[in-house]
Trainee: 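Take this structure first; my questions come after.
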Amino acid sequence: MKKLFAITGNPVLQSQSPVLFSAAYPSRADEFAYVRMAAQSAAEAMQLFAELGMSAMNVTAPFKGAVAQLADECAPEVQALKATNAVVRGEDGKTRCYNTDVAGVLGCLRDSGVALPGKRCLVLGAGGAGSAAAYALSTAGADVLVANRTIEKAQRLADNLGCRWCSLADIAELAPQVDMIVNTLYAQVDVVETAWLSPRHIVFDAIYHASLLREKARQAGCTFVDGEGWLLHQGLPAYRLFTGIEPEEASMRRMRRASFAPSLHVSLVGFMGVGKSTVAPLLAALLERPVADTDAEVERRCGLPVPRLIAEKGEAYFREQERTVVEALLGSPTPSVIACGG
């Protein structure tokens, strides 16, 4: 009988969230199917899970906590974190939930050769990812300090895990004193200064799509751990739980490298008035990339609006400036979305 899996979460967030588990199993494609499911609440997700006869389900924000409360049984890490990202229905019909993000953190750091016992670790963020990171580091013998903008949330997590907490406002003083900084804040939230870092630091950024810390770590001579490995290592135990099959780790690693190869720029071209300047920022937001408009860049470069620039210096001059701008944008190492001129 074919097993049916799902990834579920809030419909709005779902459109912006990556699929956290492989949607296809080439070796057993005749037995497994993986679908995407949106729900308005955790209760609705669990109801659909039961009524559709699904075997397992990945859970995304903001349902990780509520789903854990609705499951029949919870693994120890879920009991500690009060959050799940994987639910499995057993042959007895009971739902059991797990949090494979913990394995994701530890596996990623293990691949990078980071020894955790005794390390002083500053975890930025007390949400789902931050909680999993703090739990993983604490259980591995690290001395964990959780920082969050909402102090009460940091304090609750720290008290639950038996570690320390502070406000994000305190990290300027504390960051130089720790061995490792783990960032789980939302993409584009920039709170770490390069001046706080030194070559002895390990910087672990869970934001693998658009890391703001990678370049800062390079400038400071730090060891940088890319969060994309977290994705792989949380998927390995989820695969075992979902299928009962040992995952082909080497194949999944090759797929990961292919998926996270350096991205290319996206350039939007077309006639005037077709909506390039409107679509570009929307696409950039979905891809978590910067956006650029060549007309706006030319105007900034020349200090004149495009119509006046063409009127005063001619279209050939404008096209020369446009070419220079486009070459500069495409030469940037940071992939962006570029709205080109008509």
Side-chain angles (χ1 to χ4, degrees), residues 7-20 38 42 58-67 81-85 99-102 104-105 108 121-137 144-158 165-172 174-175 178 180-194 196-197 203-217 224-231 234 259-260 263 281-291 334-337:
I7 180 169
T8 188
N10 181 278
V12 174
L13 294 178
Q14 271 287 289
S15 65
Q16 302 176 16
S17 301
V19 175
L20 300 183
N58 278 125
V59 183
T60 68
F63 296 162
K64 292 184 175 184
V67 166
L81 296 171
K82 307 293 189 296
T84 179
N85 69 343
N99 193 315
T100 65
D101 277 329
V102 174
V105 172
C108 188
C121 301
L122 172 62
V123 176
L124 305 180
S131 297
Y135 177 85
L137 297 171
V144 177
L145 173 65
V146 178
N148 197 63
R149 194 176 305 278
T150 305
I151 297 178
E152 293 77 13
K153 193 171 183 179
Q155 185 174 12
R156 279 197 304 271
L157 175 60
W165 58 273
C166 68
S167 167
L168 284 181
D170 301 323
I171 64 174
L174 296 171
V178 301
M180 180 163 66
I181 297 174
V182 182
N183 177 48
T184 69
L185 299 171
Y186 290 113
Q188 307 307 315
V189 177
D190 190 6
V191 298
V192 177
E193 300 290 340
T194 307
W196 303 345
L197 305 176
V203 176
F204 180 13
D205 196 354
I207 310 303
Y208 49 86
H209 281 308
S211 174
L212 297 175
L213 286 174
R214 185 192 304 272
E215 179 59 21
K216 293 181 180 183
F224 182 77
V225 179
D226 196 316
E228 68 182 66
W230 184 332
L231 194 68
Q234 69 85 26
S259 299
F260 290 97
S263 301
L282 300 176
L283 180 58
L286 287 174
L287 297 177
E288 296 183 345
R289 295 184 181 184
V291 62
T334 302
S336 60
V337 176

Trainee: Taking the side chain as every heavy atom from C-beta outward, state whether V144 and V123 have any atom pair closer than 4.5 Å.
Mentor: yes
Trainee: Counting C-beta onward and ignoring hydrogens, is there a side-chain heavy-atom pair between C121 and V178 closer than 4.5 Å?
Mentor: no
Trainee: Would you indicate whether the side-chain heavy atoms of W165 and L157 approach each other to under 4.5 Å?
Mentor: no
Trainee: Go through M180 and L137 one step at a time and tell me if the side-chain contact (heavy atoms from CB on, under 4.5 Å) criterion holds.
Mentor: CA-CA 11 Å; M180 180 163 66; L137 297 171; 3.8 Å; yes
Trainee: Side-chain contact test, heavy atoms from C-beta onward, threshold under 4.5 Å: evaluate it for V189 versus R149 and give yes or no.
Mentor: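 Of all side-chain heavy-atom pairs linking R149 with V189, at least one is under 4.5 Å.
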Trainee: Classify the side-chain pair N85/T100 by whether it contains a donor and acceptor separated by less than 3.5 Å.
Mentor: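 Their side chains do contain a donor-acceptor pair, which is all the 3.5 Å distance test asks for.
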Trainee: What closest approach, in Å, do A66 and A42 show between heavy atoms, and which atom pair accounts for it?
Mentor: CB-CB, 3.4 Å
Trainee: Look up atom OG in S131 and atom CZ in R156, then write down how far apart they are to the nearest 0.5 Å.
Mentor: 10.0 Å
Trainee: So do D101 and K64 actually touch side chain to side chain, heavy atoms under 4.5 Å?
Mentor: yes
Trainee: Which pair of non-hydrogen atoms, one from A132 and one from V102, has the smallest distance, and what is that distance?
Mentor: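 Shortest heavy-atom contact: O-CG2, 4.2 Å.
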Trainee: Which atoms form the tightest heavy-atom contact between A217 and F224, and what is the distance?
Mentor: CB-CD1, 3.9 Å
Trainee: Has N99 got a side-chain atom pairing as donor or acceptor with A83's backbone, closer than 3.5 angstrom?
Mentor: yes
Trainee: Can you confirm whether L122 sits close enough to V182 that some side-chain heavy atom of one is under 4.5 Å from a side-chain heavy atom of the other?
Mentor: no
Trainee: Is any side-chain heavy atom of I181 closer than 4.5 Å to a side-chain heavy atom of I171?
Mentor: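 With C-beta onward as the side chain, the pair stays apart.
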Trainee: Are any of the side-chain heavy atoms of S167 and N148 separated by less than 4.5 Å?
Mentor: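 When only atoms from C-beta onward are counted, N148 and S167 do not touch, as no gap falls below 4.5 Å.
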Trainee: Say whether, by atom type as modelled, one donor and one acceptor occur between the side chain of K216 and the main chain of V192 under 3.5 angstrom.
Mentor: yes
Trainee: How many angstroms lie between CZ in F204 and OG1 in T184, if you round to the nearest 0.5 Å?
Mentor: 10.0 Å
Trainee: Locate the shortest heavy-atom distance separating G125 from V146; write the atom from each residue and the value.
Mentor: O-CG1, 4.1 Å
Trainee: For C108 and V225, which heavy atoms make the closest approach, and how far apart are they?
Mentor: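 So the two residues come closest at SG-CG1, 3.7 Å.
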Trainee: For the residue pair S211 / D205, report whether a side-chain donor-acceptor contact shorter than 3.5 Å exists.
Mentor: yes
Trainee: Supply the atom-to-atom distance L213 CG to I207 CD1, rounded to the nearest 0.5 angstrom.
Mentor: 9.5 Å
Trainee: Check V291 against P281 and note the closest heavy-atom contact, atom names and distance.
Mentor: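 So the two residues come closest at CG2-N, 3.9 Å.
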